[in-house]
Amino acid sequence: MISNLGQKSKQRKSLWQKKFSQPIKTLKDLIDFFGYELINHSPFQFLITEEYQKIFQEVHQKFRFQVTQYYLSLANIKNPRCPILLQILPDKKEIQDPFFKDPDPLREEENSPIYGLIHRYPDRVLWYVSHHCAVYCRFCFRKRKVSHRNSNFFSKTYNDIIHYIRSNPYIKEVILSGGDPLSLPDKTLEKTISDLKSIPHLFSIRIHTRMITTFPYRITKELCKIFAKHYPVTVITHFNHPVELTDIVYQKIQMLKFSGVIVLNQTVLLKNINDSLEIIEKLNLKLLRFGIIPYYLHLSDEVAGTYHFRTSLQKGLEIIRQLQGRNPGISIPRFMVDLPNGGGKVPLQNSYLIQYENKNKQYSFLNYEMNPKRIFYIKEKEDESL
Ligand SMILES: *Cc1c(COP(=O)(O)O)cnc(C)c1O
Ligand code: SF4
């Protein structure tokens with residue numbers, strides 16, 4: 001049995017927990033952070049209107065608002081398209097979505113044998129361990145779930161979930177997700193990772209977190225020791241824009257890597273925030289310089305309240321096409337769509353293969369330039385037995 005999981009510990013709070021305990025949670029705090037005068041002379045003047053106050057309250061009732069002082073300090077209030085502010089400011093569109101009505105188009109709840117466990121693919125499970133995040137992103141595809149307050153479902157279902165994973169030998173990987181798994185205390189994380197590591201049929205333990213983006217102080221020596229002890233652990237970060245890659249992030253990534261952590265990144269393609277070749281290219285190159293491998297670029301999901309963040313699929317394909325051949329291969333993420341109705345993730349690719357000619361048994365290709373005047377050929381192997 002485990003005790004005290006997910007509950008408030010009586011012990012003294014660690015430094016990261018202290019810093020974490022002063023996030024900005026109200027519109028007033030947000031306005032105070034920048035100062036009334038500055039906001040009044042900025043493109044975000046609407047923040048101090050009565051109308052916005054109403055919108056904020058209304059949206060807030062449905063989807064929680066919270067942002068760390070650290071993350072807000074990256075914002076530029078003079079830039080009407082500030083990528084930080086656009087990711088965190090509550091917007092009327094979240095409760096008046098004209099197109100997306102389904103809070104759970106990926107059918108996560110239907111693929112959940114135990115509360116918190118999503119078992120969609122035969123070989124991998126995703127374990128939703130916490131409702132909490134340091135910052136609540138407005139585009140979140142788990143909006144329906146994150147920010148539920150005061151629930152200790154994690155400790156209640158913990159033993160059942162470990163038992164489920166242990167008794168299904170075809171499960172190769174466990175992904176800790178949420179909410180943010182790094183919002184759990186070290187002791188809880190250590191116990192979870194250690195219990196998972198004791199299951200012989202698991203090949204991989206992954207942690208999906210946005211905390212390194214929104215609150216990098218969470219990466220401490222103590223946490224890194226836990227990761228080092230249970231080598232290898234994979235951490236998937238979530239950076240959407242190059243301004244999120246700061247000096248402190250660089251130091252924390254270095255600490256993780258020196259502790260033997262495999263670090264990959266996923267990005268969500270977001271309208272008006274990062275949906276351009278220039279930004280995605282810069283982001284990926286900077287990730288590489290930080291020692292992070294870009295893993296996935298996601299088309300945003302059809303989740304109710306997020307239509308205004310959605311880009312066209314074509315836009316994503318075009319960005320990937322432009323990157324291909326003009327950037328280091330290890331800096332190019334796979335462009336993914338998570339199919340609605342629970343279809344799961346599939347990679348979206350530009351096709352370089354034009355056709356196969358049966359007569360002379362040859363394939364014809366475009367190269368990365370995709371210039372129809374330059375065609376390349378590969379002959380099919382004639383005899384497979386040789
Ligand atoms: C995204 C996801 C995974 C992991 O998919 P990979 O392609 O292996 O990164 C696993 N389970 C669920 C439910 C997911 O949504
Ligand atoms: S950190 Fe992740 S889970 Fe939390 S609100 Fe942002 S996108 Fe959603």
Side-chain angles (χ1 to χ4, degrees), residues 20 23 62-68 71 84 86-90 94 103-114 116-148 165 171-184 202-216 218 234-241 244 262 264-270 273 293-301 303 305-306 309 333-348:
F20 197 17
K62 221 166 159 209
F63 307 118
R64 193 171 175 180
F65 169 80
Q66 179 170 303
V67 59
T68 56
Y71 195 63
I84 302 294
L86 293 185
Q87 289 184 80
I88 58 112
L89 288 181
E94 290 172 59
D104 182 22
L106 308 181
R107 300 281 170 274
E108 293 196 322
E109 302 306 332
E110 284 164 36
N111 288 294
S112 179
I114 304 169
L117 197 71
I118 305 165
H119 195 169
R120 183 196 290 145
Y121 306 101
D123 66 314
R124 283 157 285 170
V125 290
L126 188 143
W127 188 354
Y128 179 94
V129 298
S130 167
H131 286 315
H132 295 281
C133 300
V135 167
Y136 293 101
C137 316
R138 309 323 297 180
F139 55 84
C140 181
F141 76 110
R142 291 207 184 103
K143 272 171 108 82
R144 70 181 191 284
K145 245 169 125 76
V146 299
S147 81
H148 286 221
I165 298 167
I171 297 176
K172 302 189 192 88
E173 181 181 62
V174 176
I175 299 169
L176 302 182
S177 184
D180 206 306
L182 294 190
S183 55
L184 296 177
L202 290 183
F203 289 88
S204 161
I205 293 164
R206 248 206 260 181
I207 298 177
H208 281 194
T209 177
R210 186 149 156 83
M211 196 83 86
I212 309 169
T213 315
T214 54
F215 190 70
R218 175 66 186 96
T234 301
V235 166
I236 312 272
T237 60
H238 177 177
F239 291 98
N240 290 331
H241 195 281
E244 296 172 340
I262 302 162
L264 305 167
N265 181 68
Q266 49 186 344
T267 295
V268 186
L269 193 61
L270 297 167
I273 293 169
I293 302 295
Y295 176 52
Y296 282 166
L297 174 67
H298 297 276
L299 182 75
S300 71
D301 298 313
V303 170
T306 66
F309 287 110
R334 261 171 288 168
F335 182 40
M336 304 297 286
V337 57
D338 214 331
L339 298 168
N341 222 359
K345 292 189 187 71
V346 288
L348 293 167

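Quick caveat: nothing in here was measured; it's all calculated off a predicted structure. First listed ligand is number 1; within each ligand, the first listed atom is number 1.
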Hey, what polar pairs (N/O, under 3.5 Å) does ligand 1 make with protein?
residue	atom	partner	partner atom	Å
ligand 1	5 (O)	R124	NH1	3.2
ligand 1	7 (O)	R124	NH1	3.3
ligand 1	7 (O)	Y296	OH	2.6
ligand 1	8 (O)	R124	NH1	2.6
ligand 1	8 (O)	R206	NH2	2.8
ligand 1	9 (O)	R206	NH1	3.1
ligand 1	9 (O)	R206	NH2	3.0
ligand 1	9 (O)	Y295	OH	2.7
ligand 1	15 (O)	R120	NH1	3.3
ligand 1	15 (O)	K345	NZ	2.9

If I compare all heavy atoms of [X] with all of [Y], which pair ends up nearest, and what's the gap?
{"X": "G344", "Y": "D338", "answer": "C-OD1, 3.1 Å"}
{"X": "S183", "Y": "H132", "answer": "OG-O, 3.4 Å"}
{"X": "Y136", "Y": "F65", "answer": "CD1-C, 4.3 Å"}

Notebook entry, point to check: Among L264, N265, T237, T267, whose side chain to side chain contact (heavy atoms under 4.5 Å, CB included) with Y295 holds?
Noted result: L264

Notebook entry, point to check: Do side-chain atoms of Y121 reach the backbone of K345 as a donor and acceptor pair under 3.5 angstrom?
Noted result: yes

Check: atom 8 (Fe) of ligand 2: which protein N, O or S atoms are under 2.8 Å away?
Finding: C140 SG

Next item on the list: Report yes or no: do S177 and R142 form a side-chain donor-acceptor pair below 3.5 Å?
Entry: yes

Next item on the list: Check whether the side chains of E108 and Y128 place a donor and an acceptor atom closer than 3.5 Å, and report yes or no.
Entry: no

Checklist line | Pairing residues for P113 by the side chain to side chain contact (heavy atoms under 4.5 Å, CB included) criterion, not counting sequence neighbours | finding: L117, H119, Y164

Next item on the list: Under the side chain to side chain contact (heavy atoms under 4.5 Å, CB included) rule, collect the residues that match up with P216, sequence neighbours excluded.
Entry: Y70, I248, V249, K252

